[in-house]
Amino acid sequence: MRRRSLPCLIAGLALLAGCRSAELPSGPLPPHPPRAVPDVAGIRLGDTLASVQSRFAGAHCKAVDADDITEQCVIGGQPFAEAGDAVVYVSFAAKRTVIVQAYGLSAAGMTPMVQALTARYGTPDDERHRPPRAHAPAVSWSTDGWFLVATPAGEGQPFAGAILYQRAFVDEVQRAAARRGESVPD
């Protein structure tokens, strides 16, 4: 199989436009606060391709060859977090959801989105827990197993959106790229 350079991961990270690489503070991290099981427009990490296709009849899915991403689905017009209708992009590895993105929300949707996500997942991450990919003005919620980043419109980014990542998948893709000598965005 021909390997391409992380287009799915990079597309997801594109929502984080304006973010820069940063190191987390040194020292042991305090535990993450307890959080509800995350979803984006009803799609959870670990959902199967068959489950997503059966629940979303309008899903346009296709096989892809992009590092460990094996399939992708695009689902239009899905309500998300009180922010309006979003286009939802779902990425699968081994037929299981590893990244879910809600994109195409108006700039005005950021505030109600953050309020709805805060009501569901609790207080956003503090600086110690914020993933390296989530710099202000992005807002994040995370645990050891996942992170969810809400990103406002602005600076070349015409829409607000949110991305839910399976932490172990993203970390492994980055390690594999580094082993191949490829540059990988945070």
Side-chain angles (χ1 to χ4, degrees), residues 6-19 35-64 66 69-93 95-125 130-131 133-143 145-167 169-170 185:
L6 308 176
C8 299
L9 187 59
I10 291 170
L13 295 174
L15 279 176
L16 302 176
C19 296
R35 307 258 193 214
V37 175
D39 73 85
V40 170
I43 301 170
R44 293 181 173 177
L45 296 172
D47 280 355
T48 65
L49 175 61
S51 168
V52 170
Q53 288 175 312
S54 70
R55 288 184 291 140
F56 299 93
H60 298 284
C61 302
K62 66 178 182 177
V64 295
I69 300 292
T70 54
E71 296 89 18
Q72 288 185 312
C73 295
V74 178
I75 308 163
Q78 296 302 304
F80 178 67
E82 308 297 325
D85 286 348
V87 176
V88 177
Y89 299 88
V90 188
S91 298
F92 299 86
K95 308 262 187 238
R96 295 270 180 191
T97 304
V98 292
I99 301 171
V100 188
Q101 305 171 53
Y103 186 67
L105 299 165
S106 72
M110 181 67 178
T111 298
M113 176 173 51
V114 169
Q115 290 170 344
L117 294 173
T118 298
R120 176 133 190 230
Y121 301 115
T123 304
D125 291 336
R130 185 185 298 268
R133 300 156 187 88
H135 301 283
V139 181
S140 67
W141 297 262
S142 61
T143 70
W146 57 267
F147 53 98
L148 174 64
V149 181
T151 308
E155 288 194 36
Q157 183 65 29
F159 301 106
I163 310 171
L164 174 61
Y165 294 98
Q166 182 183 61
R167 188 180 294 271
F169 173 79
V170 171

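- When all heavy atoms of Ser54 and Ser51 are compared, the pair lying nearest together is OG-O, 3.0 Å.
- Between Tyr89 and Gln72, the closest side-chain pair of non-hydrogen atoms is not below 4.5 Å.
- What you find for Arg96 and Gly46 is that their closest heavy atoms are NH1-O, 2.8 Å.
- A donor-acceptor pair under 3.5 Å is absent between the side-chain atoms of Gln115 and the main chain of Met113, judged by distance alone.
- For Ser106, the side chain to side chain contact (heavy atoms under 4.5 Å, CB included) partners are Ala108, not counting sequence neighbours.
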| query | Run the side-chain contact (heavy atoms from CB on, under 4.5 Å) check on Ile75 and Val52 step by step: do they pass? | reply | CA-CA 10 Å; Ile75 308 163; Val52 170; 4.0 Å; yes
Please report the C-alpha distance between Ile99 and Tyr165 in whole Å, then the side-chain angles of each, then the deciding distance to 0.1 Å, and finally whether the side-chain contact (heavy atoms from CB on, under 4.5 Å) criterion is met.
-> CA-CA 5 Å; Ile99 301 171; Tyr165 294 98; 3.9 Å; yes
Apply the test side-chain contact (heavy atoms from CB on, under 4.5 Å) to residues Val64 and Glu71: give CA-CA distance (whole Å), side-chain angles for both, the deciding distance (0.1 Å), then the verdict.
-> CA-CA 5 Å; Val64 295; Glu71 296 89 18; 5.6 Å; no
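- A donor-acceptor contact shorter than 3.5 Å links the side chain of Thr70 to the backbone of Phe92.
- For the pair Asp39 and Phe80, the tightest heavy-atom approach, listed with the atom from each and the gap, is O-CE1, 4.3 Å.
- Looking at Gln101 and Val88, their side chains never come closer than 4.5 Å, going by heavy atoms from C-beta outward.
- Of all the heavy atoms in Gly42 and Asp47, the pair that sits closest is O-OD2, 4.1 Å.
- A distance-only check finds no donor-acceptor pair linking the side chain of Arg55 to the backbone of Ile43 [under 3.5 Å].
- Proximity of Leu49 to Cys73: side-chain heavy atoms (C-beta onward) are separated by under 4.5 Å at one or more points.
- Heavy atoms only, all atoms of each residue included: Ala162 and Leu148 are closest at CB-CD1, 4.3 Å.
- A donor-acceptor pair is defined here as one N or O able to donate and one able to accept, closer than 3.5 Å; no such pair exists between the side chain of Arg167 and the backbone of Gly145.
- Using modelled atom types, one side-chain atom of Asp125 and one backbone atom of Ser142 make a donor-acceptor pair closer than 3.5 Å.
- The minimum heavy-atom distance between Ser140 and Pro131, with the atom names listed, is OG-CD, 3.3 Å.
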*asked:* Between Thr118 and Trp141, does the side-chain contact (heavy atoms from CB on, under 4.5 Å) criterion hold? Intermediate values first, please.
replied: CA-CA 8 Å; Thr118 298; Trp141 297 262; 3.4 Å; yes
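- Remark: side-chain polar atoms of Arg120 are paired, donor with acceptor, to backbone N or O of Val37 under 3.5 angstrom.
- Side-chain contact between Tyr103 and Thr151: absent, with no pair of heavy atoms (C-beta onward) separated by less than 4.5 Å.
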